[in-house]
Amino acid sequence: MIIRYHPHPQLLLPLLTFLASLQLTTQEALVNNPHNVYGGGCPQACNGHGRCVGSRIDNLAHEEGHECMCHSGFTGVACNLRVCPAGPTWADPATAVSTAHKAGVECSGFGYCNRQTGACLCRSGFEGAACNKLSCPKGPNNMGIDEICHGHGRCMTMAEAAITQDFVTLFEEIEYTNWDKDMIQGCVCGEGWTGYDCNQRMCPWGPDPRDVSAKDEIQVLDCQCPGTCSGTIAFTYRGQTTNPIPHDSTAKRVEHELELISTIGDVRVETHGHGTVCPTIGATTTIQFLRDFSRHPNPLNITVNSTKLVSSGTKITNMYRQGQNSILRTSVSSVKSTGEPKECSGRGTCSPDTGKCSCYEGYGPASDGRGGAATLEHNYLDCGSIKTDFNWTGVTCPSVVPQFGGSYQLCSGKHTVCSNFNCNCSYGYEGSACEWLTCPRGKAWFDEATSPNQAHAKATCSNAGRCNRKSGTCTCPADLFEGSACSTMSCARNDTYVCGDKGVCMTMNKLATYSTTNGEYNDATYTYSNERWDANKIQTCYCRKSMSGNSYDWDAQQILLDNVAFNTYRGFYARTHTDFTGFDCSKMECPRGDDPATAGVNEVQRLSCSASAGGFYLGFRENTTAFINWNDKLHTFKKKVKDLLTVGDIVITYTNQTEVDTGGHGSAKGVCNTTYVDIEFRTELGDLPLMKVTGSTLVGKLSGGSANIKKINVTEHIKGTKENLECNGYGYCNPDIGMCTCIDGYKSSDGNGNEGHRGDCGYKYEDTNKFLPESESE
């Protein structure tokens, strides 16, 4: 049957557009080219972007001046195409145990390269020259103009956040070293804002007025300036430093200077042993935190700088905290805070839209920040005070109408225990009155690292989505994150379908199980650890592979329509199958083949078998034949091997050295009673993995054979040296349709250097011989 190819109209437009782009790129070079574009010189003289070199086989010069070696930044058979920026790939099959995120991948695997401009077109949600950064969320600011982090925060990488201390949301200072350090970005919110996109207001925080056992944080300074003393000291807290404080300052002066810095709300300072902070005989000073409104669970450490304190003796400036005793005054101890600031002081409901608290009955609305009534000096709308005129008879825990709907009930009717005015909420509910539903939690996409290789702690909606506390559900950014907790990265869509319906969405952990080396599965794994936090979070498309090597009858030179997998078939003209590719599986690989201008040989594997019964299976690149009987004749054996999806065109020869009259070819013999069988691969190029024998039931031996002979063995008789180049190295691949456009002098081959309909560029015109150098045309 003869099949003619008529291009579908949907294929013509991308094909013509692609050809036009090539023409625009190379038109000037063609006009001004001083060299022949055929075999005697490099194509289009490499367009001035490369050197014309000869090919090399096994490190030996083979042909002079026919191949372009492109300068940095250029690619293509004539160096007329641009290379795009590269970075670590976002998602790829592991290449070894715990090894993934290969470096130097164009557009980091999450974008497509514009070969005319050398710029990456990134997948939505990613940015950077190489698509190597996760974009920070953006939305309308207070003026209604779209801005990163809604204008209420800064976009930072994981590495930047790790080394930054703003003492609002970032408290550590660590060098983060994981693979994602410069790739994952997120919003670091300013004071008063929260949420993954900094678009929710924070309500006031304060101490719970019912926590009567709470202790204030007290930190202690020992300071002694013996002999002649002069100069100053200074305190630093949460990134801010006081003015210089003279060594002979009183406790009131120290208290005043500390309260001038914005990171300290209110402190009480007392000196012990002397009236000044740093006398010659030494003094102990206590600093008691009365009001600290940071979200950090405990006050941070105060540090003292005494570099400008001058003494003729040996000065002492030591800080003590968390229960440590003073050395100068052993009776004076530091105290670790036991109180924890809470949203709305734990006695009200916060509105994230307004940043205001709605206080429970009997509390607030304002306090002095220490559980008492508000004063003129200290007036905080934090629900942190207990109303004295409220009738507390029979009242213990708060009763409210729950935010998720329902009637007015004690602890919203969702508690297990009410004790000491506190609700112990049932699973799935939160808030001091159990008035909210809990949103799912997952490993955060972006947060502050806690060690050089540890970050991504659990967070609400994985710090990548908006929590609706009324419904207990997360709203994830469309087409970027998914799952109930926004904990997994979505696979890209193409034509509204996940992976364009041309692939399967897989996690990095799952993708590792499909990792191959030379077409065979390897032992690569990618399992969860601190460094591999993304193993079950990042997903990508595993695109459909071309597994239809037997859809073309190489002997009859015709298509076997029943065996064609049309989803990887590239049209009747290009009689070959190629893989889908790209982050959304929207692109197609082009036919590959041997460079017709270089010498190379096909791989030949030799099977030696000696048996008188039974059989075996042969495997090649993870495909296995039907059962092969010990006495299968040549045509039967060949059909079983050719039926492998990973095998295209092969030549099989039975050799029986005892049959001189048949020229040594014992075609009438069985596979295991001939001297050996040679299998030549004509479409699988390069150095191939050996075929594997499995499930052998072979028994016995031929007459005269040794009892110790191995019944079956496969060896490499001839190592394959042919290249496997896209478009054979003499064409341009159009990934939109998976077809090659060959340069002048080359066209489609049969896969073996002859003219054919494979759709590659593996056939050199016969009439180009006249353009070859004399040494080659003879």
Under the side chain to side chain contact (heavy atoms under 4.5 Å, CB included) rule, what do Lys356 and Leu381 come out as? Steps first, then yes or no, please.
CA-CA 8 Å; Lys356 295 181 179 180; Leu381 296 173; over 6 Å; no
Between Asn453 and Thr177: side-chain donor-acceptor atoms closer than 3.5 Å:
no
Could you tell me whether the SG atom of Cys541 lies less than 2.5 angstrom from the SG atom of Cys491?
no
Run the ring pair (Phe, Tyr, Trp, His ring centres under 6.0 Å) check on Trp90 and Phe583 step by step: do they pass?
CA-CA 10 Å; Trp90 282 99; Phe583 63 83; over 10 Å; no
Would you say the side-chain atoms of His456 and Asn463 include a donor-acceptor pair closer than 3.5 Å?
no
Which of Glu147, His152, His150 passes side chain to side chain donor-acceptor pair (under 3.5 Å) with Asn142? Answer is His152
Are the two sulfur (SG) atoms of Cys223 and Cys278 closer than 2.5 Å?
yes
Tell me, with the steps shown, if Asp166 and Arg154 meet salt bridge (charged side-chain N to carboxylate O under 4.0 Å, His left out).
CA-CA 11 Å; Asp166 63 5; Arg154 294 171 292 162; 3.5 Å; yes
Quick one: pull up CD in Glu430 and CZ in Arg469 and give me the separation to the nearest 0.5 Å.
4.5 Å
Are Cys383 and Cys359 close enough that their SG atoms are less than 2.5 Å apart?
yes
Would you sort out whether Phe167 and Tyr237 count as a ring pair (Phe, Tyr, Trp, His ring centres under 6.0 Å), showing the intermediate values?
CA-CA 9 Å; Phe167 300 101; Tyr237 182 67; 7.7 Å; no
More than 12 heavy atoms of other residues, nucleotides or ligands under 6.0 Å from CD of Glu175: is that the case?
no
Going by an N to O cut-off under 4.0 Å, is there a salt bridge joining Lys342 and Asp208?
yes
Does a side chain donor of either Glu435 or Tyr360 reach within less than 3.5 Å of an acceptor in the other side chain?
yes
Taking side chain as C-beta onward, heavy atoms only, is Asp368 less than 4.5 Å from Tyr380?
no
Please check if atom CG in Asn530 has more than 12 non-hydrogen atoms from other residues, nucleotides or ligands closer than 6.0 Å.
yes
Does a side chain donor of either Thr393 or Asn391 reach within less than 3.5 Å of an acceptor in the other side chain?
yes
Inter-residue atom distance Asn243.CG - Glu257.CD, 0.5 Å rounding:
4.5 Å
May I ask you to decide if Lys336's main-chain N or O and Gln322's side chain share a donor-acceptor pair within less than 3.5 Å?
no
Are Tyr320 and Val332 close enough that some pair of their side-chain heavy atoms sits under 4.5 Å apart?
no
To the nearest 0.5 Å, atom OG1 of Thr416 lies from atom OH of Tyr429 at 12.5 Å
Assess the side chains of Asp382 and Ser367: does a donor N or O sit below 3.5 Å from an acceptor N or O?
yes
Result for ring-ring contact (aromatic ring centres under 6.0 Å, His included) between Trp533 and one of Tyr176, Tyr526, Trp445 points to Trp445
Going by atom types only, do Thr307 and Asn305 share a side-chain donor-acceptor pair under 3.5 Å?
yes
Between Ala464 and Pro477 the two heavy atoms that sit nearest each other are O-CD, 2.9 Å
Taking NZ, NE, NH1 and NH2 as the nitrogens, is one of them in Arg493 or Asp584 under 4.0 Å from a carboxylate oxygen of the other?
no
For the residue pair Gly371 and Pro207, what are the closest heavy atoms and their distance?
N-CG, 4.5 Å
Sulfur to sulfur, is the gap between Cys499 and Cys505 shorter than 2.5 Å?
no
Leu300 to Gln219 - nearest heavy-atom pair and separation:
O-NE2, 3.0 Å
Cysteine SG atoms at Cys476 and Cys486 closer than 2.5 Å
yes
Any donor-acceptor pair under 3.5 Å linking the side-chain atoms of Thr169 with those of Glu448?
no
If you measure from the SG of Cys149 to the SG of Cys136, is it under 2.5 Å?
no
Do other residues, nucleotides or ligands put more than 12 heavy atoms under 6.0 Å from the OH atom of Tyr497?
no
Intermediate values then yes/no, side chain to side chain donor-acceptor pair (under 3.5 Å), Asp222 and Ser326:
CA-CA 7 Å; Asp222 275 353; Ser326 161; 2.7 Å; yes
Is a side-chain N or O of Lys537 found less than 3.5 angstrom from the main chain of Lys443, in a donor-acceptor match?
yes
Option passing side-chain contact (heavy atoms from CB on, under 4.5 Å) with Glu255 (candidates Ile287, Thr250, Val267)
Val267
Which of Cys411, Cys423, Cys425 passes disulfide (SG to SG under 2.5 Å) with Cys434? Answer is Cys425
For Asn536 and Tyr528, the nearest pair of non-hydrogen atoms, with its separation, is ND2-CB, 4.5 Å
Between the CZ atom in Arg329 and the OG1 atom in Thr284, the distance rounded to the nearest 0.5 Å is 5.0 Å
Quick one: closest heavy-atom pair of Arg123 and Asp479, and the distance?
NH2-O, 3.5 Å
Minimum side-chain heavy-atom gap Phe235-Ile261 below 4.5 Å
no
Determine if the SG-SG distance between Cys461 and Cys474 falls under 2.5 Å.
yes
